[in-house]
Amino acid sequence: MAKLVRRLNIQRIRSEKKITQKELAEKTGFPQGYISKMERGIVSTSEMFINKVKEVFAIENIDDYVSFKEQDAEIADNEQEFPIEPPVMLNRHGMNDKMMIERLFNIIDRRDARIEKLELENERLRKEVEKYKS
């Protein structure tokens, strides 16, 4: 007996919103490859993905886009469930948003420390100049 899989008609949504798989991946935080597998029916559409699409595009009746179909046995054997949380998306520098923010704060902290050090040195030099003037 073939397994029933839930499918969100992602192609219909993308067509209506005039976006690519890549753009959908950026908006939802799910990998483009996973979205492609869902579109092709290789994996079931996770509830988390359906909720994210509903939220991102403000689709009130998401059930209009959901259907169920029997999945081929060979595809079912290869199906991998998506983890509970989507993987952290990394930018081209290999950092996620949290890492990037931490790095920026470290840069700001170092900059502030250098500014403070320069202000102290400037004050010391000003006192030294005043000493020679008098």
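The basis for the numbers below is simple: all heavy atoms, side chains too, and nothing from hydrogens, waters or symmetry mates. Counting begins at 1 with the first residue of the sequence.
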From CA spacing to verdict: side-chain contact (heavy atoms from CB on, under 4.5 Å), Leu24, Phe49: CA-CA 11 Å; Leu24 181 60; Phe49 181 78; 4.1 Å; yes

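- Between the side chains of Tyr65 and Glu16, at least one donor-acceptor pair of N or O atoms lies under 3.5 Å.
- In this structure, CD in Gln11 is found 10.5 Å from CZ in Arg40, a value given to the nearest 0.5 Å.
- Across all non-hydrogen atoms, the minimal contact from Ala25 to Pro31 is CB-C, 4.2 Å.
- Side chain of Ser36 to main chain of Gln32: no donor-acceptor pair is present (N/O by atom type, distance under 3.5 Å, no hydrogens or angles).
- Residue-environment remark: CD (Glu116) stays at or below the threshold of 12 foreign heavy atoms within 6.0 Å.
- Side-chain contact between Asn9 and Ile13: absent, with no pair of heavy atoms (C-beta onward) separated by less than 4.5 Å.
- A salt bridge is defined here as a Lys NZ or Arg NE, NH1 or NH2 lying under 4.0 Å from an Asp or Glu carboxylate O, and Glu130 with Arg126 fails to meet this definition.
- A distance of 11.0 Å separates CZ in Arg114 from CG in Asp109, rounded to the nearest 0.5 Å.
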Under 3.5 Å, side-chain donor or acceptor atoms of residues 52-63 against the rest of the protein: list the pairs with distances, not counting sequence neighbours.
{"unit_1": "Asn61", "atom_1": "ND2", "unit_2": "Asp64", "atom_2": "OD1", "d": "3.3"}
{"unit_1": "Asn61", "atom_1": "ND2", "unit_2": "Asp64", "atom_2": "OD2", "d": "3.3"}

Test side-chain contact (heavy atoms from CB on, under 4.5 Å) applied to Arg124 and Leu120, step by step: CA-CA 6 Å; Arg124 185 188 68 75; Leu120 289 171; over 6 Å; no

Arg14 vs Glu39, salt bridge (Lys or Arg N to Asp or Glu O under 4.0 Å): CA-CA, chis, key distance, verdict: CA-CA 11 Å; Arg14 289 194 311 104; Glu39 274 191 13; 2.5 Å; yes

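- Of all heavy-atom pairs between Ile35 and Phe30, the closest is CD1-O, 3.9 Å.
- In terms of heavy atoms, Glu23 sits closest to Ile19 at OE1-CA, 3.0 Å.
- Between Lys117 and Glu121, no side-chain nitrogen of the basic residue sits less than 4.0 Å from a carboxylate oxygen of the acidic one, so the salt-bridge criterion is not met.
- Taken from OG1 in Thr28 to CD1 in Ile50, the straight-line distance is 12.5 Å, to the nearest 0.5 Å.
- Between Val66 and Leu8, the shortest heavy-atom distance links the atoms CG2-CD1, 3.9 Å.
- Under the ring pair (Phe, Tyr, Trp, His ring centres under 6.0 Å) criterion, no residue pair touches residues 101-126, with sequence neighbours excluded.
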